[in-house]
Amino acid sequence: MPTIISEIEVIQDTTSIPLVEPIKTDLYVSFNEDVLDYNYNNSAFANEDVLINGILNENILNDLNNRLQKFEQLQPNWNGNNTWPPSKESIKNANYIFNLYLEYLNNNLEFPASIQIVPLNCGGIGIELSTDIASLELDILNSEAFKSVPQIFFLLTDDEKFEEESIITIGGLSGLFNQLHTIE
Amino acid sequence: MNSNIELISSDKLYRRVHYYQIIRDNKTGELRPQSDAFSNTTGTLNMSVDIAKLRYAPEESLILFPDDSLVSFKIELATELNQDVIPDPIKENNAHANVKGEKNKRIRRIFAKKAEWEILKEEKK
């Protein structure tokens with residue numbers, strides 16, 4: 001069973017979440033037709049590799065956006081009694097976090113990375129960012145997403161010797177991204 | 001009644017997994033449920049499961065949700081994670097039980113990593 005090395009550090013942040021702009025792929029993607037893998041699988045179970053041969057995969061952005069739109073169409077009780085669809089605010093937050101993460105990756109192109117997203121039963125969006133070694137799970141709940149400084153529940157783990165579960169705000173995410181990519 | 005059924009640690013429990021909550025594990029490369037597939041019913045400490053030995057076949061647990069998939073785990077895993085397993089037969093499901101206890105993200109992830117597929121539907125109908 002994993003050992004908890006550090007836990008419960010609530011990071012306070014007074015910054016507000018900026019308004020979310022639509023994802024602009026050209027802002028993040030260094031496009032190289034010779035290297036991009038066009039065999040990308042657009043199924044729901046695709047391995048969401050963000051980086052392919054050191055180049056950001058622009059298909060991931062379209063796929064994430066498409067999937068968020070599908071989540072937005074879910075109805076109450078979509079997964080049994082007392083399950084709720086993600087709110088527009090949750091989706092905006094998720095969208096903003098994608099951009100933050102992709103911007104982070106764009107500055108650190110040597111890292112392997114994947115992004116996968118799920119709707120949460122209680123209402124919200126779950127994001128799982130993964131490297132070959134560790135994963136960062138982020139939960140954006142509807143009940144938090146409308147706040148000016150939403151709190152995000154996270155679990156950072158390598159499923160072996162490192163595990164940290166706590167709450168963070170968007171302002172602290174870049175530090176978590178760094179941790180995710182430096183766990184050895 | 002089934003609420004008095006005797007359960008042992010090696011008994012299997014079934015948990016339904018929605019199509020949208022299946023992801024690919026970064027380490028194994030295999031499909032697995034995402035952690036949230038093991039969350040409690042909103043506002044309760046209960047996660048609904050079916051007791052496998054009270055089902056004729058795993059498919060019986062998906063009659064109302066034919067697009068979904070099904071995983072199983074043993075009661076001993078729930079016990080290791082400080083959960084109680086309480087039979088709770090209901091009118092439409094005699095095999096129903098609750099896995100009762102707090103489930104933080106760590107616990108949900110352990111369920112997600114250790115559960116085994118009984119039925120995996122890779123295509124949404």
Side-chain angles (χ1 to χ4, degrees), chain A residues 1-2 4 7-8 41 43-49 67 70-71 74 77-86 112-139 141 143 153-160 163-167, chain B residues 15-44 46-50 61-62 64-65 67-69 77 80-82 90 92-93 96 102-114 117 120-125:
Chain A
M1 191 172 297
I4 297 176
E7 60 179 4
I8 313 302
N41 180 353
S43 81
F45 299 141
N47 189 9
E48 311 288 16
D49 290 331
R67 200 172 312 174
K70 288 180 185 171
F71 293 173
L74 291 171
N77 298 326
W78 64 275
N79 192 18
N81 290 336
N82 294 314
T83 57
W84 307 97
S114 74
I115 300 177
Q116 298 185 86
I117 56 174
V118 298
L120 301 176
N121 288 332
C122 63
I125 299 283
I127 302 175
E128 188 153 343
L129 311 175
S130 303
T131 70
D132 293 343
I133 297 170
S135 291
L136 174 61
E137 290 190 22
L138 303 168
D139 285 357
L141 307 185
S143 57
F153 296 85
F154 77 84
L155 174 66
L156 176 63
T157 181
D158 64 358
D159 295 311
E160 291 175 12
E163 189 170 77
E164 181 178 359
E165 179 173 0
S166 188
I167 301 168
Chain B
R15 172 73 175 167
R16 182 177 57 79
V17 180
H18 191 279
Y19 175 81
Y20 281 146
Q21 293 190 321
I22 297 172
I23 65 169
R24 191 173 295 282
D25 189 278
N26 63 309
K27 284 192 177 174
T28 66
E30 302 293 323
L31 298 175
R32 67 165 168 82
Q34 208 268 351
S35 303
D36 195 62
F38 296 89
S39 56
N40 287 331
T41 302
T42 307
T44 76
N46 295 326
M47 176 177 80
S48 286
V49 293
D50 285 350
S61 289
L62 296 178
L64 296 177
F65 301 90
D67 288 341
D68 290 356
S69 297
L77 175 63
E80 285 170 14
L81 297 173
N82 294 320
I90 54 181
E92 58 276 21
N93 183 1
H96 183 258
E102 294 279 0
K103 294 175 189 65
N104 58 18
K105 287 182 69 63
R106 170 183 163 269
I107 287 175
R108 282 182 268 147
R109 186 173 176 87
I110 294 171
F111 273 124
K113 298 281 278 192
K114 294 197 172 179
W117 291 114
L120 173 58
K121 296 182 180 169
E122 299 200 27
E123 298 294 333
K124 188 178 173 68
K125 289 176 183 173

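Chain identifiers are assigned alphabetically (A, B, ...) following the order of the sequence lines, protein sequences preceding nucleic acid strands; residue numbering begins at 1 within each chain.
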Please determine, among B/T42, B/T44, B/L64, the option with the most heavy-atom pairs under 4.5 Å with chain A.
->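 Ranked by heavy-atom pairs under 4.5 Å with chain A, first place is B/T42.
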Does the B/R108 side chain pair with the main chain of B/N40, one donor and one acceptor, at a distance under 3.5 Å?
->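 Here the side-chain-to-backbone pair does not exist.
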Could you tell me which portion of [X] (side chain, backbone, both or neither) has an atom closer than 4.5 angstrom to a non-hydrogen atom of chain B?
X     : answer
A/F71 : side chain
A/W84 : side chain
A/L74 : side chain

Pick whichever of A/I133, A/L155, A/N121 has the most heavy-atom pairs under 4.5 Å with chain B.
->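 That would be A/N121.
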Could you tell me which of A/P119, A/A134, A/G123 has the largest number of non-hydrogen atom pairs under 4.5 Å with chain B?
->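 Winner by heavy-atom pair count: A/P119.
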Test: B/R24 and B/E30 ion pair at under 4.0 Å |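 No, no charged N to carboxylate O under 4.0 Å.
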Using a strict 4.0 Å threshold on nitrogen-to-oxygen distance, state whether B/K27 and A/E160 make a salt bridge.
->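 Between A/E160 and B/K27 there is a salt bridge, with a charged N closer than 4.0 Å to a carboxylate O.
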Salt bridge (Lys or Arg N to Asp or Glu O under 4.0 Å) partners of B/R15, counting only residues at least two apart |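 Partners of B/R15 by the salt bridge (Lys or Arg N to Asp or Glu O under 4.0 Å) criterion come out as none, since no residue qualifies.
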Applying side-chain hydrogen bond (donor to acceptor under 3.5 Å, both in side chains), name anything that partners B/R32, two or more places apart in sequence or on another chain.
->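 side-chain hydrogen bond (donor to acceptor under 3.5 Å, both in side chains) list for B/R32, sorted by chain: A/E128, B/D25.
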Checking heavy atoms, do the side chain of B/Q21, its backbone, both or neither come under 4.5 Å from chain A?
->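 For B/Q21, heavy atoms of backbone and side chain both lie under 4.5 Å from chain A.
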Is the count of non-hydrogen atoms from other residues, nucleotides or ligands lying under 6.0 Å from B/E92 atom CD greater than 12?
->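 Above 12, so yes.
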